[in-house]
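Quick one: the structure is below, and I'll ask about it shortly.
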Amino acid sequence: MADVTAKRENESDGSDGFSPEAKRPRRDPDDEPGSDVEDPGHVLSGFTTTAVLRESSREKAIFIHGKLADQEAVVILERSPIGKENLAEIFTDSTQKLEMRNDFYSTYQLQPPAHLCEIKATVVCPATEKHVKKYQRQESLLVEETGEDYRSITLPYIQKKSFSLQWVFNILEKKAEADRIVYEDPNNKTGFILLPDFKWDQKQMDDLYLIAIVHQRNIKSLRDLTSEHLPLLENIWKKGKEAILQRYNIPGNKLRVYLHYQPSYYHLHVHFTALRYDAPGCKVECAHLLADVIENLRSNPRYYQTRTLYFPLGEEHWLLKKFREAGRL
């Protein structure tokens with residue numbers, strides 16, 4: 001697969017950055033490893049479009065399915081955010097065309113200098129059917145999952161259908177992205193690696209987005225957590241915030257720290273985003289605050305193994321089909 005993410009989670013999978021990187025395919029945190037494309041200057045010149053999977057005016061992004069070097073691929077194009085350091089150049093050097101004027105109000109089309117018109121390109125190649133469905137526009141349904149549902153429906157799905165985690169292991173073993181690590185605690189039990197998610201350009205602090213990936217390899221998600229994992233979670237909570245304060249000068253009370261359920265990949269990871277950033281997946285039906293997770297496990301050591309949890313799934317998601325087959329929808 002191309003060296004992308006769409007992250008870490010970024011997405012997201014900051015799902016880390018664009019710019020000149022707009023020319024470079026990068027790994028989606030949720031994606032399986034594949035062949036790397038070696039010519040970063042022209043990698044997309046051979047891309048042919050099959051279908052537009054989704055457009056998002058809110059994210060200023062378009063998701064495209066096609067082929068790249070005879071392999072199935074998904075390309076995500078996103079407009080880079082406007083940085084305040086570029087405002088003077090935008091105002092003075094842009095071509096301006098008046099569109100409308102009415103009393104106090106007027107609108108213009110601005111054509112900024114070329115270097116301020118960057119588009120971030122995230123490439124997933126080779127892309128599987130799961131990748132295509134992941135980025136396709138779908139109606140979502142809210143699923144109610146009991147502890148027994150997890151054991152009988154969700155866990156077998158994870159064991160059979162989830163994405164490869166080789167890209168995660170590459171990060172943990174420093175075989176990939178070692179230069180992007182912001183902080184590491186190497187302890188096998190309580191340690192983790194903190195690095196930017198690919199969704200963040202690492203320029204705008206308002207959109208700050210980092211991921212903490214745990215070194216333990218036997219924790220798939222929230223459902224696996226018990227009170228024995230409290231030292232790990234408390235360590236991430238404390239040292240993750242300290243590392244972000246030291247590197248980016250953003251205090252912990254301006255951060256949203258949470259886990260997804262369902263996660264996009266089944267190796268425990270924690271999201272750190274700027275509190276003011278309306279990050280993908282931070283809605284109440286998707287995100288569980290790490291502080292709440294810690295308190296819940298202090299109150300009940302098996303809280304997440306017995307609790308009924310709710311989460312949205314796209315109508316074409318394989319797991320949703322399993323819930324339907326089991327008569328749970």
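All figures in this text were calculated on a predicted structure; none of them were measured in a lab. Just so you know, these numbers use all the heavy atoms, side chains as well, and skip hydrogens, waters and symmetry mates.
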Exercise. Is it true that R298 and E234 have a side-chain N and a carboxylate O under 4.0 angstrom from each other?
Worked result: yes
Exercise. Does the separation of the ring centres of Y258 and H288 fall below 6.0 angstrom?
Worked result: no
Problem set entry | ring pair (Phe, Tyr, Trp, His ring centres under 6.0 Å) assessment of H271 paired with Y209 | CA-CA 7 Å; H271 303 253; Y209 198 148; 5.8 Å; yes
Problem set entry | N/O donor-acceptor pair under 3.5 Å between Q216 side chain and K189 backbone | yes
Exercise. Are W167 and I181 co-members of a hydrophobic cluster defined by side-chain heavy atoms under 4.5 Å apart?
Worked result: yes
Problem set entry | Nearest heavy atoms of L268 and S221, plus distance in Å | CD1-C, 4.0 Å
Problem set entry | Aromatic ring proximity Y248/W200, centre distance under 6.0 Å | yes
Exercise. Is it true that atom NZ of K174 has more than 12 heavy atoms of other residues, nucleotides or ligands lying nearer than 6.0 Å?
Worked result: yes
Exercise. Does E72 come within less than 4.0 Å of K67, counting only side-chain N to carboxylate O?
Worked result: yes
Exercise. Mind checking whether Y261 and F311 have parallel, tilted or perpendicular rings, split at 30° and 60°?
Worked result: perpendicular
Exercise. Would you find a donor on one side and an acceptor on the other, under 3.5 Å apart, between the side chain of D149 and the backbone of S152?
Worked result: no
Exercise. Salt-bridged, E173 to R217, with N to O below 4.0 Å?
Worked result: yes
For this session: Measure the shortest side-chain to side-chain distance between L194 and D185 over non-hydrogen atoms and say whether it is less than 4.5 angstrom.
Result: no
Problem set entry | K60 vs E78 side-chain heavy atoms within contact, under 4.5 Å | no
Problem set entry | Other residues, nucleotides, ligands: >12 heavy atoms within 6.0 Å of E315 CD | yes
For this session: Give a yes/no verdict on a cation-pi contact between R256 and F272, requiring under 6.0 Å between NZ or CZ and the six-membered ring centre and an angle within 45° of the axis.
Result: no
Exercise. CD1 of I82: more than 12 outside heavy atoms within 6.0 angstrom?
Worked result: no
Exercise. Would you say the side chains of R302 and T226 form a donor-acceptor pair under 3.5 Å?
Worked result: no
Exercise. Is it true that H269 and H267 have ring centroids separated by less than 6.0 Å?
Worked result: no
Exercise. Does a salt bridge link E242 with K238, judged by any charged N lying under 4.0 Å from a carboxylate O?
Worked result: yes
Problem set entry | Lys/Arg N to Asp/Glu carboxylate O, R223 vs E145, below 4.0 Å | yes
Exercise. More than 12 foreign heavy atoms under 6.0 Å from CD of E85: is that the case here?
Worked result: yes
Exercise. Is it true that the NZ or CZ of K241 lies under 6.0 Å from the centre of W237's six-membered ring and within 45 degrees of the ring axis?
Worked result: yes
Exercise. Any donor-acceptor pair under 3.5 Å linking the side chain of N170 with the backbone of A176?
Worked result: no
